[in-house]
Every structure is written in structure tokens, then in C-alpha cells.
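Have a look at the structure below before the remarks.
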Amino acid sequence: MDNEPDNDINRSRTNAMKIETKNILEKHNMQVYLEDAIEQFLSLRPENKIKPVEFFKEYFANVHKGTHIVYREYPFITATLYNRLCVIKCVMKIFKPLLIREQKLNVKEYHSLLQLVWCDIPLAVVQSAFDTSGKQKKEERLSFLEFLKSSERFVLRWRILF
């Protein structure tokens with residue numbers, strides 16, 4: 001009987017800790033990354049014999065660098081705002097030579113470029129970025145810088161681009 005108050009206190013602390021853990025996972029979208037890391041580890045483990053600690057260290061280092069979204073599926077790259085912003089950053093790095101060119105590309109041409117890295121990215125997403133560019137419909141071509149800016153606006157405004 002003497003232990004009942006202690007058990008109630010422990011249960012209360014445990015419940016509070018579970019709620020706090022859940023809140024932290026939700027606030028920082030950590031569930032997305034934890035689930036993905038485990039899936040990636042399980043899919044690679046038989047062929048690599050990599051130690052779990054080393055794998056997760058590398059995985060989260062890539063998340064931190066923003067390279068975790070390269071060659072990934074559309075649902076994953078759109079799962080969090082951070083992922084979508086990392087896509088913009090990667091587009092900038094990968095296609096940086098386009099910045100110095102004056103050439104303007106249309107929606108389908110940008111879509112083709114993005115498909116080199118994210119094969120299942122929908123054309124409608126690229127079209128939506130074009131639609132937020134502020135250009136008149138008759139100007140169906142954007143410079144790379146204009147495309148980056150409109151894509152970023154789209155990501156921040158509707159939170160669904162990449």
C-alpha cells in the first residue's frame with residue numbers, strides 16, 4: 001500500500017514524458033525522419049552490413065546538410081517544409097550553371113530538368129511555381145533565377161511545392 005502513491009507519481013511522470021515526446025516529434029517533424037531512417041536502414045542493411053549507429057549518424061548528417069532529398073520520391077520531398085526548402089537549395093546547387101545563362105526555359109523544360117533528380121515530380125507542381133512568378137501568361141519562359149524565386153514563394157505560400 002505504501003507504494004501506491006509512488007506508482008501514481010511514476011505513471012503521471014511517464015504519461016507527461018510521453019506527451020512531451022509526442023509534442024517534440026510533431027513540432028520538429030521528427031517522426032518523418034525517424035520512420036524514413038529506419039526504412040532506409042532496413043532496406044540497406046543486408047547488403048552493407050553497416051552498424052546502426054554509423055548509419056543513423058550519416059543519415060541525420062545528410063538531413064542536416066539538406067542532401068537527404070536528392071533522388072527521393074515526391075511524397076518524401078514534400079513531407080515537411082524543411083524538405084521542400086532543401087529541394088530549392090539543391091536545385092540551386094545542381095543547376096547553378098544556369099544562373100549565368102540568359103536563356104529562359106518554359107514549364108516543360110524546367111520539369112524535365114527536375115525529373116533528372118526527382119523522377120516523379122508532377123508537371124502541375126512546376127506549373128504552379130510558374131503561376132506564382134507574377135509574369136503575364138504570354139511570357140511563358142522564366143530565367144533560372146526567376147524560376148527559383150517563384151518556386152520559393154510557392155513553397156512558403158502554399159507549403160506544397162517540392
Side-chain angles (χ1 to χ4, degrees), residues 10-11 13-101 105-133 142 144-162:
N10 287 338
R11 263 187 247 127
R13 285 183 183 155
T14 300
N15 287 338
M17 191 69 114
K18 286 180 181 178
I19 291 169
E20 186 178 352
T21 301
K22 183 180 177 194
N23 289 340
I24 288 171
L25 288 172
E26 287 176 4
K27 180 181 177 183
H28 299 287
N29 294 309
M30 291 174 67
Q31 193 72 30
V32 170
Y33 301 109
L34 291 171
E35 288 175 6
D36 185 59
I38 292 168
E39 287 174 14
Q40 295 291 317
F41 176 72
L42 293 175
S43 70
L44 297 174
R45 190 172 147 197
E47 59 188 59
N48 287 336
K49 296 189 175 47
I50 190 167
K51 293 180 182 178
V53 172
E54 291 300 316
F55 176 82
F56 291 114
K57 178 183 169 186
E58 184 178 334
Y59 177 88
F60 286 105
N62 287 331
V63 171
H64 181 72
K65 289 188 289 188
T67 58
H68 65 295
I69 45 81
V70 176
Y71 302 118
R72 296 300 304 273
E73 307 80 25
Y74 181 75
F76 180 74
I77 66 173
T78 60
T80 67
L81 177 60
Y82 178 72
N83 284 5
R84 294 185 292 273
L85 292 172
C86 288
V87 168
I88 300 289
K89 182 179 169 185
C90 283
V91 167
M92 175 69 169
K93 283 183 177 181
I94 293 168
F95 300 111
K96 193 174 185 175
L98 293 176
L99 274 175
I100 59 173
R101 299 179 70 192
L105 303 176
N106 65 30
V107 174
K108 289 183 180 179
E109 291 166 331
Y110 278 114
H111 182 244
S112 294
L113 283 175
L114 295 177
Q115 282 184 309
L116 295 171
V117 184
W118 300 283
C119 63
D120 61 343
I121 192 164
L123 176 62
V125 170
V126 182
Q127 181 63 59
S128 296
F130 258 70
D131 293 345
T132 62
S133 70
L142 296 176
F144 185 63
L145 186 59
E146 290 169 329
F147 176 70
L148 282 176
K149 286 180 179 180
S150 64
S151 296
E152 188 174 49
R153 276 194 303 272
F154 186 73
V155 165
L156 296 173
R157 191 167 164 196
W158 283 284
R159 300 172 56 113
I160 59 169
L161 176 56
F162 296 109

Restricting to non-hydrogen atoms, name the atom on Tyr59 and the atom on Gln40 that form the minimum distance, rounded to 0.1 Å. CE1-CG, 4.3 Å

Within a 6.0 Å radius of atom CD on Gln115, are there more than 12 heavy atoms belonging to other residues, nucleotides or ligands? yes

Spacing of Trp118 atom CH2 and Leu113 atom CG [to the nearest 0.5 Å]: 10.5 Å

Do Tyr74 side-chain atoms and Cys119 backbone N/O form a donor-acceptor pair below 3.5 Å? no

Can you tell me if Lys89 uses its side chain to pair, donor with acceptor, with the backbone of Lys65 under 3.5 Å? yes

Return yes if some donor-acceptor pair links the side-chain N/O of Tyr82 with the main-chain N/O of His64 below 3.5 Å, else return no. yes

Would you please classify the geometry between the Phe76 ring and the His68 ring as parallel, tilted or perpendicular, with 30° and 60° separating the classes? perpendicular

I'd like to know if the side chain of Tyr33 pairs up with that of Thr80 as donor and acceptor (distance under 3.5 Å, no hydrogens or angles considered). yes

Taking every heavy atom of Val126 against every heavy atom of Tyr110, the minimum-distance pair comes out as CG1-CB, 4.0 Å

Report yes if some heavy atom in the side chain of Asp36 is under 4.5 Å from a heavy atom in the side chain of Arg72; otherwise report no. yes

Is the shortest heavy-atom distance from the side chain of Val70 to the side chain of Cys86 under 4.5 Å? no

Residues forming a side-chain contact (heavy atoms from CB on, under 4.5 Å) with Leu145, sequence neighbours excluded: Leu99, Ser143, Lys149

Does a side-chain heavy-atom distance below 4.5 Å link Leu44 with Ile50? no

Determine, step by step, whether Thr78 and Asn83 satisfy the side-chain contact (heavy atoms from CB on, under 4.5 Å) criterion, reporting the C-alpha distance in whole Å, the side-chain angles of both residues, the deciding distance to 0.1 Å, and the verdict. CA-CA 6 Å; Thr78 60; Asn83 284 5; over 6 Å; no

Rounded to the nearest 0.5 Å, what separates atom CZ in Phe130 from atom CG in Asn106? 6.5 Å

Taking Ser150 for its side chain and Thr132 for its backbone only, find out whether a donor-acceptor pair lies under 3.5 Å. no

Atom pair CD/CG of Glu109 and Leu114 - distance to nearest 0.5 Å: 12.0 Å

Measuring from atom CZ of Phe95 to atom CG of Leu105, what distance do you get when rounded to the nearest 0.5 angstrom? 10.5 Å

CG-CZ distance between Leu148 and Arg153, expressed to the nearest 0.5 angstrom: 11.0 Å

Separation of Leu116 CG from Ile121 CD1 (nearest 0.5 Å): 11.5 Å

Report the C-alpha distance between Phe60 and Leu34 in whole Å, list the side-chain angles of each, state the deciding distance to 0.1 Å, and finish with yes or no for side-chain contact (heavy atoms from CB on, under 4.5 Å). CA-CA 9 Å; Phe60 286 105; Leu34 291 171; 3.9 Å; yes

Shortest non-hydrogen pair, Gly66 vs Cys90, comes out as O-SG, 3.5 Å

